[in-house]
Participant: 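Handing you a structure now.
Chain naming here is simple, since letters A, B, ... match the order of the sequence lines and numbering starts at 1 in each.
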Amino acid sequence: MNDHGHISVRTYWNVFGGLMLLMGLTIGAYYIEKLVLPLPEIVAVGIALLIAFTKTALIVTFFMHLKVSSRLAQLFAASSFVWLLIMFMITMGDYFARGWPAQTGPLS
Amino acid sequence: MATTSHEHGHNPALQHHFDTPEQQREAATLGMWAFLTTEIMLFGGIFMAYAVYRWAYHEVWALAATHLNTPLAAINTVVLLVSSLTVALGVHAAASGKQRQVVLLLLVTILLGAAFLGIKVTEYSEKFAHCAGYANPITWISGGATLEEAECLVPGQQFHFPVGHGAEEASSLPNIQRNAQLFYLLYFCATGLHAIHMIVGISIMAVLAWMAARGRFSSEYYTPVEIGGLYWHLIDIIWVFLFPLFYLV
Amino acid sequence: MYVIGKQWMWHVQHANGKRENNELHVPIGQPVRLIMTSQDVIHSFYIPAFRIKQDVLPGRYTSLWFEATKPGEYHLFCAEYCGTEHSLMIGTVIVMSLNEYQAWLTTPGDVIMPDGSIQAGQVLLNPNTSGPQLGPSLSDPMAVAGEQLFTSLGCAGCHVEAGGGTGPSLRNVFGYTQTLADGSTVLADENYIRTSILTSMKQIVQGYQPVMPVYEGQISDDQLNQLLAYIVSISNRGGNAPASVPVAEPQPSPAPTSVPAPPSAGGPFDADLATKGEQLFNNLGCVACHQDSGLGLGPRLRGLYNRQVALADGSSITADAAYLQESILNSAAKVVKDYNPIMPVYQGQLKDDEVRQLVEYIKSLTE
Amino acid sequence: MSTSAIPQNYTSTRADSATEWIKSWLLTVDHKRIAILYLLSINFFFLLGGLAASLVRVELVTPQGDLMTADMYNRMFTLHGVIMVFFFLIPAIPAVMGNFLVPLMIGARDLAFPRLNLLSWYLYMGGGVFALVAAITGGVDTGWTFYTPFSSSYSNSNVILTMSGAFIMGFSSILTGLNFIVTIHKMRAPGMTWFRLPLFIWANYATSLIQILATPVLGIALLLVMVERVWRVGIFDPALGGDPLLFQHLFWFYSHPAVYIMILPAMGVISELISAFSRKRIFGYEFIAFSSIAIAVLGFLVWGHHMFVSSQSVYSGLVFSFITMLVAIPSAIKVFNWTATLYKGSISYRTPMLYALGFIGLFIIGGLTGIFLGVVAVDIHVTDTYFVVAHFHYVMVGGTIMAYLGGIHYWWPKMTGRMYNEAWGAISALVVFVGFNMTFFPQFVMGYLGMPRRYHVYPEEFQIYHVLSTAGASILGLGFIIPIIYLTLSLFVGKVAGPNPWAATGLEWSIASPPPTHNFDQTPVVTEEAYAYPEDAAAQDSDSWQAGSHL
C-alpha cells in the first residue's frame with residue numbers, strides 16, 4: 001500500500017462540515033421529537049443511533065486515516081465492531097426470549 | 001539459512017529491534033488499533049447494560065433522561081468534534097513537518113479538552129448541588145436559595161427522583177425511583193469513565209506538544225503524534241455514542 | 001407447591017398451607033409443580049435423583065416440575081454457591097404413596113394464617129368439605145386462606161366477582177391472555193399476577209384506571225402465595241386449582257327498599273338503612289379505600305359524622321349529612337387534606353336512597 | 001545495532017555491583033529476561049494455588065468437615081480458584097514461553113513494544129500483590145465467579161481488593177496479547193510466510209486475539225460490581241430493578257474465551273512436541289493452524305452454556321447448546337492431526353513427549369465430558385456438581401499444566417543451556433499422570449451421583465470418593481514438587497546442552513543455547529516450511545539405534 005496516502009486539508013474541513021451537519025441533524029431530530037410530533041420510541045432511538053453511526057464512520061475513515069492505512073488496521077477496526085455486535089445480539093436474544101423483567105412473557 | 005546483511009541508515013528514532021522505520025510505524029499504528037479494540041469492548045460492556053435496562057424499563061428511562069442538561073451536552077459534543085478536527089490537522093501538520101503548527105494545534109486540542117472537562121464538572125456539580133438541596137453550585141457554596149422541590153439525581157441512599165411535576169403520568173410507573181436510580185448510575189459510570197479517558201487523552205496531548213516543541217518529530221518520524229491522534233478520536237467516538245443515548249433519547 | 005429459598009434454608013409450603021423447612025413431602029404419580037423464589041441471593045433447587053435443578057432468583061418466580069415414581073427418601077441440595085452455610089442448605093425429599101401423603105397432610109404442623117403469621121399445630125381444613133379431598137382439590141385450604149385474605153385486604157371491594165367493580169373481575173383470569181391498556185396482550189401467569197399485586201400500575205387491563213394501591217412491602221411472601229393460589233383457584237385453567245372451589249358468591253346487592261327513609265334529621269341514624277348501607281359500602285368497594293385501619297387510600301370514616309374536617313384547600317368544614325352526600329356523589333369537590341382525588345364519581349350510578357343508606361351507615365360508625 | 005560487544009548471552013550481564021545486577025533484571029526490556037521473571041512469579045502463584053488446593057482436599061476427607069470452619073473453607077476454595085485462574089493459567093504459557101519463544105521462532109530480535117512488555121509484567125505483579133494482600137487480610141468468600149447479588153451486597157469479605165487484583169491482571173493480559181499480535185504481524189523474518197510459521201505461533205496469535213477482545217468485558221463487569229459495592233447502588237441488584245443475570249452474561253462473555261486463552265497455547269506447545277519427537281512433519285498443518293483461529297472465534301459465541309440452569313431463557317439455551325457442539329470440532333481436528341502425525345513417526349519417549357502423550361489422553365477425556373455439559377438436558381443434572389469440577393480440571397490440569405511442564409522441559413536447554421536429568425523427568429511425568437487421574441476421576445463418578453460443588457460438609461456416601469481423591473491429590477502434589485527440584489539442580493549440575501539437543505527444526509534451535517541478548521546476529525531468511533524433517537527420518541533413527549541410547 002502506498003507510503004501514507006495523503007488526505008488533504010480540504011477533505012478534513014469538509015469532513016468537519018459533514019460532522020457539524022450531522023450534529024445539527026441530531027439536535028433537530030431531538031427537538032422535533034420533543035415538541036412537534038412525538039415519534040414512537042423505537043424510531044427516535046433508531047434515528048439517533050443512525051446519525052451516531054454515520055458520524056463515527058466519518059471520523060474513523062478520514063480523521064483516523066483508516067482509508068489509507070493497512071488492510072490489517074481496517075480488519076481490526078471492523079472486528080471490534082463485529083465482536084460488539086456478537087455480544088449484543090446473543091445477550092439481547094436471551095432477554096427477548098426470557099421475557100425479563102418478570103411481569104411479561106412466559107415463565108421460563 | 002542465508003542471512004541478509006542489514007542496510008539501514010542510522011535513524012536516531014529507529015529502535016534497535018525494527019529493521020525499517022516503515023515497519024516500526026506500521027507496528028505502532030497496528031498496536032494502537034488493537035488497543036482501540038479493547039477500549040471499544042470496554043465501553044461495549046456499559047452500552048450492553050444500557051441496552052438491557054433500556055429495553056426493560058423504557059418509559060422510566062425516557063422520563064429520567066429528561067432531567068439531564070441537554071444543551072450543555074450538545075455544546076460538549078461540538079467541542080469534541082472541533083477538537084477532533086484540530087487533532088487531525090495536527091497530525092497532518094506533523095506529516096508535512098511544520099513543527100510550530102503541530103505545537104499550536106495540539107495546544108488548541110488540550111484547551112478544547114479542558115473546556116469539555118469544565119462543562120462536565122459544572123454538570124456534575126449541578127447534580128450534586130441539587131442533592132444538597134441548592135439550586136446550583138454557586139448558591140450551594142454561598143448558602144443561597146435552596147431548591148424548591150427536592151430532587152437528588154446522584155445514585156445513593158438519598159437518591160430521590162422528583163415525581164412532583166407530571167405526577168399522574170410519573171406515579172403510574174411502579175418502581176420509578178429504583179429504575180431512575182439505575183439510569184443515573186449508568187449515566188455517572190459511563191460519563192465518569194469517559195472523563196477519566198479524557199484526562200488521560202489530555203495528558204498524552206500535553207506530552208506530545210512538549211516533545212514537538214523540543215523538535216523531536218520530523219516529517220519522517222511523527223508516529224507518536226499519529227497514535228495520540230488515534231486515541232483522541234476514539235474518545236470523541238465514544239462521546240458521539242454517549243451523547244444521543246443518554247441525553248437525546 | 002411454593003418454595004422460598006432463604007440464606008441457608010428452604011421453606012416449602014404445601015398447597016393446603018402446611019409448611020416445612022428443608023423437607024419436601026411429595027405423593028408418587030402426581031406431577032408436582034414448584035414455584036420458587038429467593039429472599040436474598042441466588043440459590044439452586046437440586047434433586048440429583050430426579051435429575052432436576054433450577055436456580056432460584058430473588059425478585060422473580062422460577063418454576064420446576066417433576067413426577068416422583070418410586071417412594072423413598074432422596075437428597076435435596078442447594079447447587080448455587082450462596083454463602084457461608086451453603087453446604088448446610090440441604091434437605092430430603094420424601095416420596096410417599098398417595099394415602100400416606102394425605103394422612104401426612106392432615107397431621108398438625110405449622111400453617112400460615114391469612115394474616116401471614118405462622119401458627120403451629122393447626123390444620124387448615126377446607127370448611128365446606130369434611131375430609132381432605134384427593135388430588136388437585138388439595139389446594140382448597142390454601143385458596144380459602146387466600147380468599148379470606150382477598151376480602152380482609154379489601155380486594156373484593158374493587159375486584160367484584162360478578163364484574164362491574166372498579167377493578168376487573170378475577171374470575172377466569174389465570175392462564176388466559178389479558179389485553180392491556182396499551183393494546184398489547186400478555187399471558188396471565190404467576191409472574192404477571194405477582195407483579196400486578198406488588199406493582200399494580202405496570203399492566204393495567206384495558207378499560208380500567210390505574211387506581212389500585214401498590215402492595216409491595218405491605219404483604220409478606222406467604223400472603224402473596226395465598227392470594228396467588230386463590231386467583232389460580234377461581235380460574236378453570238388454573239392447572240392445580242380445583243374447579244370446585246366454593247366461589248364466594250357476591251352477596252346479592254340488596255334491592256333498594258322503596259320504604260321512604262325517615263327524614264335524616266331524626267335520631268343519630270336509622271338502624272335499618274345503616275345495615276343496607278353497610279352491605280352497599282362493601283359491594284361498591286368503598287371498604288377497599290376507606291379502611292378502618294386508616295391504611296387505605298381514602299380517609300377513615302369511623303367517627304367522622306359531625307366532626308371538623310380539614311380540606312385540601314386549607315379550609316375546614318363540619319362533616320354533616322349534606323357534606324357526606326356531596327362527597328359520595330361528587331367526590332372531587334371537597335377532598336380531605338393530603339389525600340389525592342382518585343375516588344370514582346358515583347353521580348348517576350347510585351339512586352338517592354342508596355346514597356341515603358350510605359350516609360346512614362357512615363353516621364352509624366361511631367368511634 | 002548497538003555496536004558494543006554483544007554479551008555472551010542474555011543471562012550474564014557485565015554488572016559489577018549487586019544493585020546494578022538487580023536493576024539489569026528488574027528494568028530489563030529483553031523479552032527473554034521478562035520471560036524468566038514471569039517464570040519465577042508464575043511458579044510462585046502456582047505453588048500458592050496448589051497449597052490452597054491441598055488444604056481444600058484435606059478438608060474434604062471427612063464428611064463433617066472438621067479441619068476448618070465453613071467460612072474458612074469457602075475462602076480457601078475461592079483463593080484456589082482466583083489464584084489458579086487469574087494468576088497462573090491465563091498468563092502461564094503465553095507469558096512464559098510466548099515471551100521467550102515468539103521472537104525467536106519468527107526471527108525477530110525482540111517483541112514489538114519491549115517497554116510495554118515490562119509494563120505488563122509489573123501490572124501482573126501489581127495484580128498479584130493486590131490478590132495476596134486480599135488473601136492475607138482474610139480472603140474473599142464469593143467463589144472465583146463473584147456472582148452477584150452475593151458478591152455485591154451479601155458478602156462482607158474484601159471482594160473489592162481481589163477484584164481490583166483481577167482487574168489489573170486483565171490489563172497485563174491485554175498488553176501481552178497486543179504485543180504478540182503486532183510482533184507476529186509485523187516482525188517476521190524475510191521468507192517466514194504465514195504458512196511457514198511454527199504452530200506454536202499460530203496458537204499464540206489466536207490466544208492474543210481472544211485476550212484483546214474478551215478481557216475488557218471482564219474489566220467492565222468487575223468495575224460495575226465494585227461501583228455497586230462502594231455506593232450501595234444496585235446495577236445487578238434485583239431490589240433496584242437490576243438483573244443478576246446481566247452480570248453472569250458479562251462475566252461469562254469473558255470467562256469462556258478465557259478458558260480458551262488457557263488451552264490454545266497448550267495446544268501450540270503440543271503441536272511442537274508431537275512433531276519434534278516423532279521426527280515427522282505435522283499432519284494437516286493448515287487444518288491445525290485454522291482450527292486455532294476457529295476456536296478463538298467460536299469461543300465467543302458459546303458462553304451461555306455456563307448458565308443453562310440460571311433461568312436463562314430456554315431458547316438461548318438451545319442456541320448456546322448448538323454452538324457449543326460446533327466449538328468442539330476444531331479441538332477434535334487438532335487431536336486427529338496429532339495422532340496422524342504420530343503414525344509412522346520414530347517416536348522417542350523423552351519427558352516432553354511423555355507429557356505430550358499425557359496431554360492428548362487427558363484432553364480427550366476433558367473435551368468429551370465438555371460435550372456432556374454442552375447438552376442442556378444432561379447439564380441440568382450435572383452442572384454445579386463435582387462432574388463439572390472434574391471436567392474443567394481435566395482440561396486445565398490435564399491439558400494446560402501437562403503442556404506447560406512438557407514445554408518447560410522441551411525448551412529448558414534453550415532457556416538455560418543445561419539439560420535436565422532424563423530419568424527424573426520420566427518419573428515426574430508418570431507420577432503427575434497417575435496422581436492426576438487418581439484425584440479427578442473419582443470426582444466424575446461423585447459428581448454424577450449428585451455431590452454439589454463448593455460443599456464444606458457432604459453426605460457420607462461420597463466419602464470414599466473424597467478419600468480416594470485426596471490420596472491422588474497428594475501424589476499429584478508430589479509430582480509437581482519433583483520437577484522444581486531437579487530443574488533447579490540442572491542449572492548447576494546439568495549437562496551443557498548444545499544449540500539443538502533435540503535435533504529439532506525451528507529458528508529458535510538455530511542459535512546458541514542460552515540465546516544472545518539480540519537473538520540473531522543477522523536476521524535469518526527462511527526457505528523451507530515449518531517442520532522440515534527428512535522424509536526417512538524414522539528409517540535413519542531405527543538403523544542408527546543402539547542399545548542404551550534413549551528410547
Participant: Considering all heavy atoms of both residues, which atom of D/Gly450 and which atom of C/Pro48 are nearest to each other, and what is their separation?
Facilitator: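 In terms of heavy atoms, the two residues are closest at CA-CB, 3.7 Å.
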
Participant: Does any backbone or side-chain atom of D/Val382 lie under 4.5 Å from a heavy atom of chain C? Answer side chain, backbone, both or neither.
Facilitator: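 Contact with chain C is through the backbone of D/Val382 alone.
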
Participant: In chain order, what residues pass the ring pair (Phe, Tyr, Trp, His ring centres under 6.0 Å) check against C/Phe66, with sequence neighbours excluded?
Facilitator: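 Scan of C/Phe66 (ring pair (Phe, Tyr, Trp, His ring centres under 6.0 Å), adjacent residues dropped) gives C/Phe50.
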
Participant: Of all heavy-atom pairs between C/Phe77 and D/Pro452, which one has the smallest distance, and what is that distance?
Facilitator: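 Heavy-atom minimum between the residues: CG-CG, 3.3 Å.
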
Participant: For a quick check, list the donor-acceptor atom pairs closer than 3.5 Å between chain D and chain C, or say none.
Facilitator:
unit_1: D/Asn74; atom_1: ND2; unit_2: C/Tyr81; atom_2: OH; d: 3.1
unit_1: D/Asn74; atom_1: ND2; unit_2: C/Gly83; atom_2: O; d: 3.4
unit_1: D/Asn74; atom_1: ND2; unit_2: C/Thr84; atom_2: O; d: 3.3
unit_1: D/Asp141; atom_1: O; unit_2: C/Tyr81; atom_2: OH; d: 2.6
unit_1: D/Val309; atom_1: O; unit_2: C/Gln54; atom_2: NE2; d: 3.4
unit_1: D/Val309; atom_1: O; unit_2: C/Asp55; atom_2: N; d: 3.0
unit_1: D/Ile380; atom_1: O; unit_2: C/Lys53; atom_2: NZ; d: 2.8
unit_1: D/His381; atom_1: O; unit_2: C/Tyr46; atom_2: OH; d: 3.0
unit_1: D/His381; atom_1: O; unit_2: C/Lys53; atom_2: NZ; d: 3.0
unit_1: D/His381; atom_1: ND1; unit_2: C/Tyr46; atom_2: OH; d: 3.3
unit_1: D/Thr383; atom_1: O; unit_2: C/Lys53; atom_2: NZ; d: 2.6
unit_1: D/Tyr455; atom_1: OH; unit_2: C/Cys78; atom_2: N; d: 3.0
unit_1: D/Tyr455; atom_1: OH; unit_2: C/Cys78; atom_2: O; d: 2.9
unit_1: D/Glu461; atom_1: OE1; unit_2: C/His75; atom_2: NE2; d: 3.4
unit_1: D/Glu461; atom_1: OE2; unit_2: C/His75; atom_2: NE2; d: 2.8

Participant: Only counting residues at least two apart or in another chain, list the ones meeting ring pair (Phe, Tyr, Trp, His ring centres under 6.0 Å) with D/Phe236.
Facilitator: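 Expected list: D/Phe247.
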
Participant: If you count heavy-atom pairs under 4.5 Å with chain C, which of D/Ala70, D/Ala377, D/Pro459, D/Gly143 comes out on top?
Facilitator: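 It is D/Pro459.
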
Participant: Taking side chain as everything from C-beta outward and backbone as N, CA, C, O, which of these in C/Leu57 sits under 4.5 Å from a heavy atom of chain D? Side chain, backbone, both or neither.
Facilitator: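 The side chain, not the backbone.
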
Participant: Under the side-chain contact (heavy atoms from CB on, under 4.5 Å) test, which residues partner D/Ala473, sequence neighbours left out?
Facilitator: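 D/Arg57, D/Thr439.
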
Participant: Do other residues, nucleotides or ligands put more than 12 heavy atoms under 6.0 Å from D/Met72 CE?
Facilitator: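 Not more than 12 within 6.0 Å, no.
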
